[in-house]
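The structure appears below as structure tokens.
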Amino acid sequence: MNSTEANLVGDVTPQLRVIARADHAISRKNISNGALRVLYRLNEAGYAAFLVGGAVRDLLLGGHPKDFDVATNATPEQIRSLFRNCRLIGRRFRLAHVVFGREIVEVATFRGSSDDGSGDRHVVDGRIVRDNVYGTIEEDAVRRDFTVNALYYDIADFSVRDYVGGMRDLEQRTMRLIGDPELRYREDPVRMLRAARLAAKLGFSIAPEAAAPFAQLAPLLRDAAPARLFDETLKLFLAGHGLAGFRTLEAHGLLAEVFPSTVLGLAGPHGAVFRRLLEATLHSTDERVRADKGVTPAFLFAALLWQPVCDEVQRLIAHGVDATSAWVQASDQVMRAQVERVAIPRRFGFAIEDIWALQPRFEQRVRKRVFRLLAHPRFRAAYDFLLLRAEADPALAELAQWWTEAQSVDQAALAERLTTAAPPPAATAATADAPRRKKRRRGGRRKGARDASAGDPGGQTGAGE
Ligand code: ATP
Ligand code: MG
């Protein structure tokens, strides 16, 4: 490797500031037992051992982190020899996972910023694709992304070590990159999303010089691995700060790179209703996370891509495609375009398509169809989605109310109601032309139903798919 690759962070000179135990708010009470055991064990064995990253940041802010990362000068093999309950993982970054029941403590060896050739770092077009060069704590600090993510809690004396001004930025509630922002984003474009996500989560602002390159560099996100963007998307939208994350992403022009069709939908003629749907979905998701209720990616993606699907359905129908085929083709096409950016695992894909496919069926309030829909394995998720659509679009309020009541009355009363007066179909721009589904063969369910029959309805009501 040559020397330009070696000094990846540019000219960052780490300057140590030690914040003594008495001068910061981190208490061991708020650190998990697993993390404490790992820290003490490493320390007793003569290694340096620090809590680092998001956990230190969140503890200093008074939060209660769920994950605890440890950094040490012990190598992965040395870590493994200390812990029975340890496995080494990762290719891009080699890490040790120490397992305590349900808790996993991630233990990483300090990573170097210079490569003398003995290590294992691989850079392609300025991007790090493999990084197993071990180094000092100073080097480890400067290769982290944001200053507030580079604080180290030392188990030896309970002090916090700050090498890059993270404490100041924490006090000023600012996301600031370590080193030259453009260089750091080119190294790893996902850092742009992390800036927006963490700013939203913490209620921080993004330092002007850290936000300035977005306009020019956001397109680099197109080359980010779709699987990694899926993980990042979940952290963005399903970790309790989804609405704030969405707004930050949009305000900084990053949403268009990750969900291009969503941004087009927001700019289109139904943009205002679509925006209300997204806000209602993200708001309800945030509430569910806060209440420790399950959330699933399927519901989120169904909402993010709803207007694109509706627009495509309308376009196909205008070209003479029948409504049923239009829904199938539109779902397929919108999903296919989206997974080029963000990998959506197939099981979620099935659930998303079912949630969509059931929406026009809510408008067909005739006896046989109503009972069939009520019995559909994905009914609950689709109904929850209808409620959110109705929140965004008053024209759907009557329809949503009807289905709410349909579930509360007994079957005989419902049958009675359906024979006496069939209410008029609710017309919305997107679903005015409700498709008639072809009669299914007995037992010949759509692919999605197979997924749902595993017991999870796939909607907001279905926890942890
Ligand atoms: P969260 O609250 O979402 O867990 P986090 O900062 O802990 O936020 P993680 O993805 O858990 O995020 O990463 C742990 C730490 O690893 C970060 O705090 C940061 O120091 C470092 N890190 C993570 N991703 C990157 C990256 N892309 N580039 C440089 N450093 C990173
Ligand atoms: Mg973390």
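Order of listing sets the numbers, starting from 1, for every ligand and every atom in it.
- Between Trp306 and Phe385, the distance from one ring center to the other falls under 6.0 angstrom.
- Residue contacts with ligand 1, taken as heavy atom pairs separated by less than 4.0 Å, do not involve Val52 at all.
- Looking at Arg197 next to ligand 1, an N or O pair under 3.5 Å apart turns up.
- Annotation: Ala55 places no N or O atom under 3.5 Å from an N or O atom of ligand 1; distance criterion only.
- Exactly one residue among Leu220, Asp145, Leu177 makes a side chain to side chain contact (heavy atoms under 4.5 Å, CB included) with Tyr185. That residue is Leu177.
- Residues forming a side chain to side chain donor-acceptor pair (under 3.5 Å) with Glu182 (at least two apart in sequence, or on another chain): Arg186.
- The cationic group of Arg28 lies under 6.0 Å from the six-membered ring centre of Phe158 and within 45° of the ring axis, placing it in a cation-pi geometry.
- The atoms of ligand 1 that sit less than 4.0 Å from any heavy atom of Arg228 are 27 (N).
- Checked against a 3.5 angstrom limit, the closest N/O atoms of Arg191 and ligand 1 fall inside it.
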When the side chains of residues 53-69 are checked against the rest of the protein, which donor-acceptor pairs come out under 3.5 Å, sequence neighbours left out?
{"residue": "Arg57", "atom": "NH1", "partner": "Asn149", "partner atom": "OD1", "Å": "2.7"}
{"residue": "Asp58", "atom": "OD2", "partner": "Lys201", "partner atom": "NZ", "Å": "3.2"}

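- Residue Lys201 has at least one heavy-atom neighbour below 4.0 Å for each of these atoms of ligand 1: 1 (P), 2 (O).
- A side-chain N or O of Ser32 and one of Glu103 form a donor-acceptor pair less than 3.5 Å apart.
- Of all atoms in ligand 1, numbered sequentially from 1 with element shown, those under 4.0 Å from a heavy atom of Gly54 are 5 (P), 6 (O), 7 (O), 18 (O).
- Applying the 6.0 Å contact sphere to CZ of Arg276 captures more than 12 heavy atoms from other residues, nucleotides or ligands.
- Contact analysis puts Leu198 in contact with ligand 1, with a non-hydrogen atom separation below 4.0 angstrom.
- Contact annotation: Asp69 has at least one heavy atom less than 4.0 Å from an atom of ligand 1.
- Of the options Arg194, Arg144, His241, the smallest heavy-atom separation from atom 23 (C) of ligand 1 is shown by Arg194.
- Residues Ile19 and Ser159 form no side-chain contact, since every pair of their non-hydrogen atoms from C-beta on lies 4.5 Å or further apart.
- Atom numbering of ligand 1 starts at 1 in the shown order; those under 4.0 Å from a heavy atom of Gly53 are 18 (O).
- Heavy-atom distances between Asp188 and ligand 1 reach below 4.0 Å in at least one pair.
- One side chain, Tyr152 or Asp140, offers a donor N or O that lies under 3.5 Å from an acceptor on the other.
- Heavy-atom distances between Arg57 and ligand 1 reach below 4.0 Å in at least one pair.
- Proximity to Lys235 (heavy-atom distance under 4.0 Å) selects the following atoms of ligand 1: 10 (O).
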